[in-house]
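Written out below as structure tokens is the structure these notes cover.
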Amino acid sequence: MDYCVYPKHAMELNTLPKTYPPEKAIINNDIVVNPSNPNNTERFYEFLTNIGKGKTDKIRITRYGYENPELAIKTILEYNGTFLIFSLSDGQVSPVTYYGNEIIYRYRQPDGPWQYFLKKCDGGEELVFNLYKYGNS
């Protein structure tokens, strides 16, 4: 088993509504990730800067897909000054938590998203953030 439940994150994720529209996530200051209209993404890069400075920080990232834009994968990414704690929930099952020591960046295809993964303590990787690129920018 390479994951467990971090009670503090589980409690926070379980208090969010099962149907969680992007508008509500934006009001709650989540980083909203979807293929068409991401929001508050600069906060993710601020989080990475804080890790580099050894400063504790916590963010919530909510990912949406095309099929049902109100159903989301809700996640919390926290740096406690020593290691990273990443919890996620799709609202269907109890949240799961992964522990890691590094965020790895990958750019997969020319028209695909920029992807950031948690390098887990067991050596595996877990997707934590992706941002789609449009046009020539």
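Since the structure is predicted, the reported quantities are computational estimates derived from the model, not experimental observations.
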Phe47: side chain to side chain contact (heavy atoms under 4.5 Å, CB included) partners, not counting sequence neighbours: Arg43, Ile51, Asp57, Ile59, Leu77, Tyr79, Leu84
Applying the 4.5 Å side-chain criterion to the ILVMFWY set and letting contacts propagate, would Ile61 and Met11 be lumped into a single cluster? no
Please confirm whether the backbone N or O of Pro17 pairs with a side-chain atom of Lys74, one donor and one acceptor, at under 3.5 Å? yes
Please round to the nearest 0.5 Å and tell me the distance separating atom CG of Leu13 and atom CD1 of Ile73. 12.0 Å
Ser87 (side chain) donor-acceptor with Thr97 (main chain) under 3.5 angstrom: no
Value for CG (Leu118) from CD1 (Ile103), rounded to nearest 0.5 Å, stands at 5.0 Å
Measure from NZ or CZ of Arg106 to the centre of the six-membered ring of Tyr116 and say whether it is under 6.0 Å with the direction within 45° of the ring axis. no
To the nearest 0.5 angstrom, please state how far the CG atom of Asn28 sits from the OG1 atom of Thr62. 8.5 Å
Looking at every non-hydrogen atom in both residues, tell me the closest pair between Tyr64 and Tyr20 and how far apart they are. OH-O, 2.6 Å
For Lys58, all residues meeting side chain to side chain contact (heavy atoms under 4.5 Å, CB included), sequence neighbours excluded: His9, Glu12, Ile76, Glu78
Is there a donor-acceptor contact under 3.5 Å from the side chain of Asn101 to the main chain of Phe83? no
Hey, could you give me the CG/CD distance between Leu131 and Gln115, rounded to the nearest 0.5 Å? 10.5 Å
Counting only N and O atoms by type, is there a donor-acceptor contact under 3.5 Å from the side chain of Asp30 to the main-chain atoms of Val32? no
Quick one: side chain to side chain contact (heavy atoms under 4.5 Å, CB included) partners of Asn14, sequence neighbours excluded? Ala10, Pro95
